[in-house]
Amino acid sequence: MITIKNLFDNDDVKIIEKKGNISVLEYQRDVSVNKFTAMSEYYASKMNVRRRQVVIQLNGDEYITSSGALQWMAGNIESKTNIKGVGDFLGKAIKGSVTSESTVKPKYHGTGLLALEPTYNYILLEDVSDWNGSMVLEDGLFLACEATLDHNVVMRSNLSSAVLGGEGLFNLKLSGKGIAVLESPVPREELIEVNLENDQIKIDGNMAIAWSNSLEFTVEKSTRSLLGSAVAGEGFVNVYRGTGKILMAPVRPESSNNILKYNSKR
């Protein structure tokens, strides 16, 4: 029997979101400071720059995490890799290299508590079934998920989508039924959710961090002619068509990532 104290019953720790067996903890302030860092940590907490941590309760089920995401686990939990052989490793290595995701994603199963590394990024818990059964992620967002979800790599329908749209040519796709844990550079309260039903949205830049795989993604001129695009000062825009959902950041994600990329390893 394991008893864990000063985690869920800590006055400085708050559960800000919970779906299924996955909880997101937020440390309201960082008290592991000294006289040189106390002021910066104080104002950071006032601006919602806080450590967040994912804790998963395993009850005989399985979860997959990004490589290196584990901080500690307690109970009868075993881990194994998602590699089935040399050929499978090479295939996953190629997929990881083109999506900025880890090649080896450990799978944990059993009974107990699984805690991931704290991060200053924002944590999103997404039910993939709410995304028309599958969702596509911007590079580097995947943190963990239920093992019931399938992982695949999707390629842009045309090369211009990557070259002109500011996006990668490949992205990670999650499909099936289950909860996905995403590490976002932007808090949920600032993300714009767009639901399309046989319609379209045009976005200037890679502002979309996740979208339904059912949507068609292309890159097009902002106006009907190249001259008109040049005069308008826009050029090319990312176009999403069809029926599905998009999570869009109000600022470019790469700008936020430069600030929030580090985690709380001390």
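Since this is a predicted model, take the numbers as computed values, not measurements.
- The distance from atom CG of N76 to atom NE2 of H109, rounded to the nearest 0.5 Å, is 9.0 Å.
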| task | Could you give me the CA-CA distance, side-chain angles and deciding distance for R241 and L215, then say whether side chain to side chain contact (heavy atoms under 4.5 Å, CB included) is met? | result | CA-CA 5 Å; R241 287 190 177 91; L215 293 172; over 6 Å; no
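- Checking each of R51, R50, R29 against D12 for a salt bridge (charged side-chain N to carboxylate O under 4.0 Å, His left out) leaves exactly one that passes, namely R29.
- Under a cut-off of 6.0 angstrom, the local environment of CD in E197 is sparse, with at most 12 non-hydrogen atoms contributed by other residues, nucleotides or ligands.
- When hydrophobic residues (I, L, V, M, F, W, Y) are linked wherever their side-chain heavy atoms come within less than 4.5 Å, the members clustered with L7 are I2, I4, F8, V13, I15, L25, Y27, V55, W72, L113.
- Between the side chains of E193 and N195, at least one donor N or O sits under 3.5 Å from an acceptor N or O.
- With salt bridges taken as basic N to acidic carboxylate O contacts below 4.0 Å, none links E146 and K19.
- Residues Y63 and V181 form no side-chain contact, since every pair of their non-hydrogen atoms from C-beta on lies 4.5 Å or further apart.
- Here the side chains of R52 and N121 are not in contact, with every heavy-atom distance at 4.5 Å or above.
- In this structure, OG on S175 lies 7.5 Å from CG on L149, to the nearest 0.5 angstrom.
- Residues V33 and Y42 have side chains not in contact (no heavy-atom distance under 4.5 Å, counting atoms from C-beta outward).
- Within a 6.0 Å radius of NZ in K14, no more than 12 heavy atoms belonging to other residues, nucleotides or ligands are found.
- Ring pair Y240/F217 is tilted by interplanar angle, where 30° to 60° counts as tilted.
- Heavy atoms of other residues, nucleotides or ligands lying less than 6.0 angstrom from CG of D11 number 12 at most.
- Taken to the nearest 0.5 Å, the CG atom of L137 stands 8.0 Å off from the CH2 atom of W211.
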